[in-house]
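Worksheet: one structure, shown below.
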Amino acid sequence: MDNSLSLINDLIIPGLIIVAQILAIIIPVLLSVAFLVYAERKVLALIQLRKGPNIVGPFGLFQSFADALKLLAKENIIPNRSNKIIFLIAPMITMVLSLIGWAVIPFAPGWVISDINVGIMYLFAVSSLGVYGIIMAGWASNSQYPFLGALRSAAQMVSYEVSIGFVIITVLLCVGSLNLTKVVEAQSTVWFAIPLLPMFIIFFICALAETNRLPFDLPEDEASLVAGFSTEYSSASFVLFFLAEYASMILMSAMTVILFLGGWLPPFDIAPFNYIPSVFWFMLKITFILFLFLWVRGTFPRYRYDQLMRLGWKVFLPLSLFWVVVTAGFLVMFDLLPT
Amino acid sequence: MKSPRIYNRIHPTGNMFLYSFSFYLFSTIAVLSALMVISAKNSVHSVLFLILSFVNSSALFVLLGAEFLAMILVVVYVGAVAVLFLFVVMMLDINFIKLREGFLQYLPFGVLLGAVLLLELSMIFFSNRLSKVTLVEFSTKPIFSDFENTKDLGNVLYTEYFYLFQLSGLILLVAMIGSIVLTLRDRSGVKKQIIYDQVNVDTVNYIEKKKVKLREGTNV
C-alpha cells in the first residue's frame with residue numbers, strides 16, 4: 001500500500017505534470033507555425049504587390065489549416081528503391097529535433113520546463129543535430145537531386161555552426177554562465193545586441209543558414225534541384241519537414257532573442273513598459289526576428305554555393321574569432337569579467 | 001562500489017527506480033548499437049548506429065551529472081565529426097563484400113586491441129585511485145544543482161592539466177596542418193574569382209567605347 005502510494009507520488013504525478021508542460025509548449029508552437037506560414041505568404045505578397053491568401057476564413061487566416069488537411073489527405077508515396085526505414089524516420093527526426101529545443105527556453109522568469117545549467121550548449125547541440133534529418137532524407141530517397149541537396153546541407157550547416165559557436169562564446173564571456181535564465185538576467189542593464197552588434201548580425205545570418213532559409217536555402221534550391229532533399233516526399237512526411245522548418249525558424253528566433261535582445265526583459269524598466277507581461281515582450285521580439293526572416297526572403301537573391309562557403313569560412317569565421325579575442329581582451333582590461 | 005553519498009547527490013528525491021530504468025535503457029541501446037556498428041551490412045547504417053551509440057552515451061553522462069561532457073559529446077562528435085563521417089561514407093563507393101573477406105585475418109588484431117583496452121580500464125577501476133581522480137569527483141555533480149560542473153571542469157583543466165591541455169591543442173594543430181599540406185595541390189589553369197578585384201571594377205579601365213561605322217563593323 002505504502003509502496004504504491006510512493007509510486008504515484010514519485011512517478012505518476014510528476015510524469016503527468018511534465019506531459020502537461022510539454023503539451024502547453026508544443027501546441028502553441030505548432031499553432032504559431034501555422035500562422036507563421038500564413039504570415040510568410042502575406043508578407044511576401046505585400047512585398048511583391050499581390051494580395052496573398054484571402055479566401056479561407058477572415059483575411060485568409062485559416063489557409064495553413066486548409067493546406068495541412070489537403071496534404072494529409074494525399075497518398076504517402078514511398079519510392080520503390082528507397083531505404084524505407086530511414087526514409088520514414090528522417091522527417092520524424094527533423095520534427096522532433098525542431099521541438100525538443102523548447103524544453104530549455106525561458107519564456108518569463110521561472111517559465112521554463114527544464115532550467116539546466118548548460119542551456120546554451122543544449123540549444124547548440126539540438127541545432128547542430130538538425131542536419132541529420134536532411135542528410136538521411138537525401139540519402140534514403142536514392143535519387144540524385146535529394147542526394148545533392150543533402151550533401152550541400154551537410155557542408156553548409158557544419159560550416160555555419162563554427163561561427164555560431166564563436167558568437168555564443170562571446171555572449172558567454174559577458175554572462176559567465178551557460179544557463180539561459182542567467183543569460184537573460186545579465187542583459188538587464190543593456191541588451192547584448194548593442195555592445196555586440198557585429199556578433200548579433202553574424203548570428204542572425206548564421207541562423208538563416210542553419211535553418212536553410214533564403215538566401216541560403218541551397219538544400220532545397222528549387223531552381224536547380226527540383227525540391228532538394230524533400231523531392232521524393234509527399235503527404236504526411238512532407239508535412240513533417242514543412243512544420244519542422246518553420247518550428248526551427250521560431251526556435252532560432254527565440255535563441256536570438258535570448259542571446260541578444262534581452263529575452264523577456266522590456267526595453268526600459270520604467271512605467272508603461274513593465275506593466276506589460278514578460279511573456280508578451282518575449283513573443284513580440286520573436287515576432288520581430290521572424291519578420292526579419294521573411295523580409296530577407298522577400299529581398300535577397302539566393303547565394304551561389306561557392307559564395308555561401310566563402311562567406312562562412314573566409315568572412316564570418318575570422319571575424320567572429322577576432323571578436324572573441326577583442327571581447328575577452330576588453331573584459332580583462334577593464335576588469336569586467338563576470339565571476 | 002556505489003557509495004550512498006554519490007547516490008544521494010544524483011537523486012535528491014531518491015527515486016531509484018527511474019534512475020536504474022533510464023540507466024539500463026540507455027546502456028542497453030548504447031551497447032546494442034555499438035554491436036550493430038560492426039555487424040551492419042550497409043556502412044551508412046553503421047554510421048547511423050554509431051550516432052545512436054554516441055547519443056545514448058551522452059544520455060549516460062547526463063545521468064552521471066556530467067552535463068557539460070554530455071553536451072560536448074553531442075556537439076563535437078554527433079554534430080560535427082559524425083556528419084563529416086556520414087558525408088564521406090555516402091560519397092564513397094565501397095565494395096562491402098570485398099571488405100568482409102579480410103575479417104578472419106584481422107580478427108586476432110582486433111581481439112588484442114580489445115584485450116588491451118579492457119586491461120587498462122580494469123587497472124583504473126581496481127586501483128582504488130578512482131575516487132581520488134579529481135576530474136571524476138568534480139564532474140559527478142547533479143544536473144539541477146546550483147553548482148555548475150562546467151566551471152569545475154574549467155578550474156581543473158586550466159590549472160592542474162594546463163600543459164596537457166595545451167599539448168593536446170598543439171597535436172590538433174599539427175594534425176590540421178598535416179592534412180592541409182597533404183591535400184593542397186598547386187594546380188595550374190584553375191580559374192579563381194578574386195572578389196576584391198571584381199568589386200573594384202570601374203568604368204574607366206574596364207569599358208572601352210568605340211564608334212562603329214555602319215556596315216563596316218570593328219575589331220574587338
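In what follows, chains are A, B, ... by sequence order, proteins preceding strands, each numbered from 1. Since the structure is predicted, the reported quantities are computational estimates derived from the model, not experimental observations. The figures here come from the full heavy-atom set of this structure, side chains too, leaving out hydrogens, waters and symmetry mates.
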Derivation and outcome, side-chain contact (heavy atoms from CB on, under 4.5 Å), residues Val112(A) and Leu180(A): CA-CA 10 Å; Val112(A) 48; Leu180(A) 287 173; over 6 Å; no
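- Only the side chain of Leu129(A) comes within contact range of chain B, with heavy atoms under 4.5 Å apart.
- The ring-ring contact (aromatic ring centres under 6.0 Å, His included) check on Phe49(B) picks up nothing, with sequence neighbours excluded.
- No more than 12 heavy-atom neighbours from other residues, nucleotides or ligands sit within 6.0 angstrom of NZ on Lys314(A).
- Between Phe241(A) and Tyr233(A), the two ring planes are perpendicular [angle over 60°; tilted spans 30° to 60°].
- In this structure, no portion of Ile85(A) lies under 4.5 Å from any heavy atom of chain B.
- Taking non-hydrogen atoms and a 4.5 Å limit, the residue list of residues 141-152 of chain A in contact with chain B, ordered by number, reads Phe147(A), Leu151(A).
- At least one side-chain heavy atom of Ile258(A) sits less than 4.5 Å from a side-chain heavy atom of Ile105(A).
- Contact detail for Ala30(B) and Asn56(B): the closest heavy-atom pair is CB-CB, 3.8 Å.
- When each of Met157(A), Arg310(A), Met136(A) is scored by its heavy-atom pairs under 4.5 Å with chain B, the top score falls to Arg310(A).
- The candidate with the highest count of non-hydrogen atom pairs below 4.5 Å against chain A, out of Ile195(B), Ile51(B), Val76(B), Leu84(B), is Ile195(B).
- Formation of a donor-acceptor pair under 3.5 Å by the Tyr303(A) side chain with backbone atoms of Met309(A) is not found in this model.
- Of the two parts of Ala82(B), the backbone and the side chain both hold a non-hydrogen atom closer than 4.5 Å to a non-hydrogen atom of chain A.
- Counting only distance, with no hydrogens or angles, the side chain of Glu210(A) and the backbone of Tyr160(A) share no donor-acceptor pair below 3.5 Å.
- Interface remark: of the candidates Tyr122(A), Phe124(A), Tyr132(A), Tyr132(A) forms the most heavy-atom pairs closer than 4.5 Å to chain B.
- The OG1 atom of Thr170(A) lies 8.5 Å from the CG atom of Leu259(A); values are rounded to the nearest 0.5 Å.
- The choice from Asp306(A), Ile135(A), Val158(A) that makes the most heavy-atom pairs within less than 4.5 Å of chain B is Ile135(A).
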